[in-house]
Amino acid sequence: MRLSQLPWNTLKETPAEAEVVSHQLLLRAGLIRRLTSGIFTWMPLGLRVLRRVEQVVREEMDRAGALEILMPAVQPAELWQETGRWDRYGDLLLRIRDRHERDYCFGPTHEEVITDLARRELRSYRQLPVNYYQIQTKFRDEIRPRFGLMRAREFVMKDAYSFHLDQASLDESYATMAGAYGRIFTRLGLRFRTVEADSGEIGGSRSQEFHVLADSGEDAIAYCDADGYAANVEMAPTFAPRGPRAAPAATLTRVATPASRTIGEVSGLLGVPAQRCLKTLLVEGADGGLVALALRGDHTLNAVKAERLPQVAKPLAMASPERILALTGAPTGFAGPVGLAVPLVADHAAGKLADFVAGANADGFHHTGVNWGRDAAEPVCADLRNVEPGDPSPHGGPLQIARGIEVGHIFQLGTKYSQAMKATVLDHDGQERVMTMGCYGIGVSRIVAAAIEQNHDAQGIVWPGPMSPFDVMLLVLNPKNSDAVTAAAEKLYLQWRQAGLEVLLDDRDARPGVKFAEADLLGIPHRVVIGERGLKDGVVEYRHRRDGAEEKVAISDALAFLIRNRDAGAAA
RNA sequence: CGGGGUGUAGCUCAGCUUGGUAGAGCGCUUGCUUCGGGAGCAAGAGGUCGCAGGUUCGAAUCCUGUCACCCCGACCA
């Protein structure tokens, strides 16, 4: 493609509406344009990125035996009423009415459509298993679209649905998909982690998320490189510290701690590290009373875990200051286990504390030298806290915590939809059997944003080779000044393309500085500069976008050199 | 939906408090000079100041309504 033929507008300044880097750079590099909140146009260069991602996804899905179809974007309400989601899905569903006053929605997902298709098409167990997929535009009417492509309302998604006679077959396809997903993100050149997701709903159902690692990610992931464990921080369990609790050594003492409500303040005032302070949180109980949750001062409460306690009301709700005052006789910040008249559950780590500091249930007072079993009842212990870096994983290795952007999710649906929609086949014995389903999604357009979040610098985007809009950017310096340079550039452009390289030729009559700056902004990994200077010596200058080191390459060697570098980048 | 903020040229923003009919930088057009990291000079084009009412001799500016967008929260594969 020739830049001289392309109306390509870059922005030197950051548009005010863009909050995150990926959004800023996508706009500045002229890859997308916003039409309205959460809805974007893909510009020529941006669309090439999207298409490359799609292509990798498509190839790996095909390789894994999935069958590509394309379902309608607009879906009739009747199907959604069958599964009950017409009412349950809520405002996320964009509803449309046609001229006959019939209700439709713009599909936010396609379980209903695919299950309807399956019940019509699939009749015999001999046709199973089957895995259909599509790459489609979806619409979810997000309450608050934000972060550009990261949480857009209209977005491109690859969704796949598999149908099986039994769980064993589903397990097999699920594993195949997990493998395919790993290959997809690896091929795209992204650093990612596969994490175990919530599998609480139906017994036996499994679910894994694929996260691109980036500091700006919305999800926190705990992982261990040593043993391969990875999970969403909400899901990662913590374990009781090994060994017995230290024996009480200090005496229970009431100390004045005026206006010290936070662990930080109390710890600072008394000179006791936060690890030896007890954080006593009061929450609404399932029976209408209050429940105390005790954590070590340096730990934080995990709401998901807390909600699993039978004593605790769902959803988790902190007690109001009024109820805390009524119970403890003190404002918030002074609660403690000594003499507290409500059930108490301690985190495993908090339960191992001895001679610790805790609130005295009196305004402006704490206790030091508190000990379980002596000053307060021996606590019921449970896993209540978020994992911290360095905590052991379930496999034993030390955990690290990183932020991630969810770009893929696979899960076993079971018979949730097939049951509701009576999607059955005849089994070997001629009996009707409800099919078991799996469901596998990839946020294709979100991958584009995630890739930028993970790969950028002060100059602009640094595309991973496989998803760059072009393999090579050929930058011609001052073409107007030299017919020889122009001729040499044209020759290379033709030759390289014939050899299968995708080349973006900057043949514009623009100043070199502009070309360099815009090339960096666009972020094509391999940049070749051809100018009068080098041409005299028969060389062009090569620079890799990420490394930044320039090297001169003989024009005659350039093609082989580029192909080698491109393939090395794709393999890495 | 609750809270906050912003709508002025393609983009980033000033002007609004204290009403007098619109500005800067970037971008765009033309010319000259320049030409290896977002050039310089000169001359231009471009805005019913989101929209609708109202107050006023006069409204970008004050008032009311409305729409859009952004941020925080709740919510959410």
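Numbers restart at 1 for each chain; the letters A, B, ... are given by sequence-line order, proteins then strands. In what follows, every heavy atom counts, from backbone to side chain, and hydrogens, waters and symmetry copies are set aside. What you are looking at is a predicted structure, and each value in this text was computed from that prediction instead of being measured.
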Extract all donor-acceptor atom pairs below 3.5 Å that involve side chains of residues 34-43 of chain A and protein atoms in other chains or at least two apart in sequence.
{"residue": "A:Arg34", "atom": "NE", "partner": "A:Glu17", "partner atom": "OE1", "Å": "3.4"}
{"residue": "A:Arg34", "atom": "NE", "partner": "A:Glu17", "partner atom": "OE2", "Å": "3.2"}

### Task
Determine, for A:Trp463 and A:Arg52, whether the Lys NZ or Arg CZ falls below 6.0 Å from the six-membered ring centre while staying within 45 degrees of the axis.
no
### Query
Expressed as a whole number of Å, how far does the P atom of B:G3 sit from that of B:A39?
47 Å
### Query
Quick one: do A:Glu550 and A:Arg543 make a salt bridge, cutoff under 4.0 Å?
no
### Message
Is A:Lys12 close enough to B:G27 that one of its side-chain N or O atoms is under 4.0 Å from OP1 or OP2 there?
### Response
yes
### Message
Roughly how many Å apart are B:C51 and B:U8, using the C1' atom of each and rounding to a whole number?
### Response
14 Å
Check nucleotides 1-5 of chain B for protein N or O atoms closer than 3.5 Å to its own N or O atoms and list the pairs.
none

### Query
Tell me: CZ of A:Arg511 to P of B:C26, nearest whole Å?
14 Å
### Query
Expressed in angstrom and rounded to an integer, what is the separation of A:Arg153 atom CZ from B:C75 atom C1'?
15 Å
### Query
Can you check whether A:Thr36 has a side-chain N or O nearer than 4.0 Å to OP1 or OP2 of B:A68?
no
### Task
Ignoring backbone atoms, establish whether A:Ser37 has a side-chain N or O less than 4.0 Å from OP1 or OP2 of B:A68.
no
### Query
If you measure from the C1' atom in B:C26 to the same atom in B:G40, how many Å do you get, rounded?
15 Å
### Which residues share a salt bridge (charged side-chain N to carboxylate O under 4.0 Å, His left out) with A:Arg511, sequence neighbours left out
none
### Task
Please state the P separation for the pair B:C67 and B:A52 - nearest whole angstrom.
15 Å
Are there any protein N/O atoms within less than 3.5 Å of an N/O atom in nucleotides 28-32 of chain B, and if so, which ones and at what distance?
none

### Task
Could you state the atom-to-atom distance from CD of A:Glu142 to P of B:A74 in whole Å?
15 Å
### Query
With sequence neighbours left out, what residues match A:Phe561 under ring pair (Phe, Tyr, Trp, His ring centres under 6.0 Å)?
A:Tyr542
#### Entry: Pairs flagged by side chain to side chain donor-acceptor pair (under 3.5 Å) wherever residues 474-486 of chain A is involved - sequence neighbours left out
A:Lys480-A:Asp509
### Query
Has the side chain of A:Arg146 got a donor or acceptor that lies under 3.5 Å from a partner of the other kind on the base of B:C71?
no
### Integer angstrom distance from the C1' of B:C35 to that of B:C41
16 Å
### Task
Please report, rounded to the nearest Å, how far the P atom of B:G27 is from the CD atom of A:Glu518.
10 Å
### Query
If the C1' atom of B:C62 is compared with that of B:C49, how far apart are they to the nearest Å?
15 Å
### Query
Quick one: the side chain of A:Glu13 and the base of B:G27, do they pair up donor-acceptor inside 3.5 Å?
no
### Task
Return each pair, listed once, that meets salt bridge (charged side-chain N to carboxylate O under 4.0 Å, His left out) where at least one residue sits in residues 133-142 of chain A; pairs must be two or more places apart or across chains.
A:Lys138-A:Asp159, A:Asp141-A:Arg153, A:Glu142-A:Arg151
### Enclosure of A:Asp557 CG (heavy-atom neighbours >12, cutoff 6.0 Å)
yes
### Task
Report the distance from atom NZ of A:Lys480 to atom C1' of B:U34, rounded to the nearest whole Å.
15 Å
### Query
How would you label the contact of A:Leu477 with the nucleic acid (heavy atoms, under 4.0 Å): base, sugar-phosphate, or nothing?
base
### Message
Among residues at least two apart in sequence or on other chains, which ones pass salt bridge (charged side-chain N to carboxylate O under 4.0 Å, His left out) with A:Asp62?
### Response
none
### Task
Whole angstrom is fine here: how far is it from CD in A:Glu19 over to P in B:U6?
16 Å
### Task
Mind checking A:Arg33 for me? I need base, sugar-phosphate or nothing, with any heavy atom below 4.0 Å counting as a touch.
nothing
All N/O donor-acceptor pairs, side-chain side in residues 210-218 of chain A, below 3.5 Å, sequence neighbours left out:
{"residue": "A:His211", "atom": "NE2", "partner": "A:Glu209", "partner atom": "OE1", "Å": "2.8"}
{"residue": "A:Ser216", "atom": "OG", "partner": "A:Glu453", "partner atom": "OE1", "Å": "2.5"}

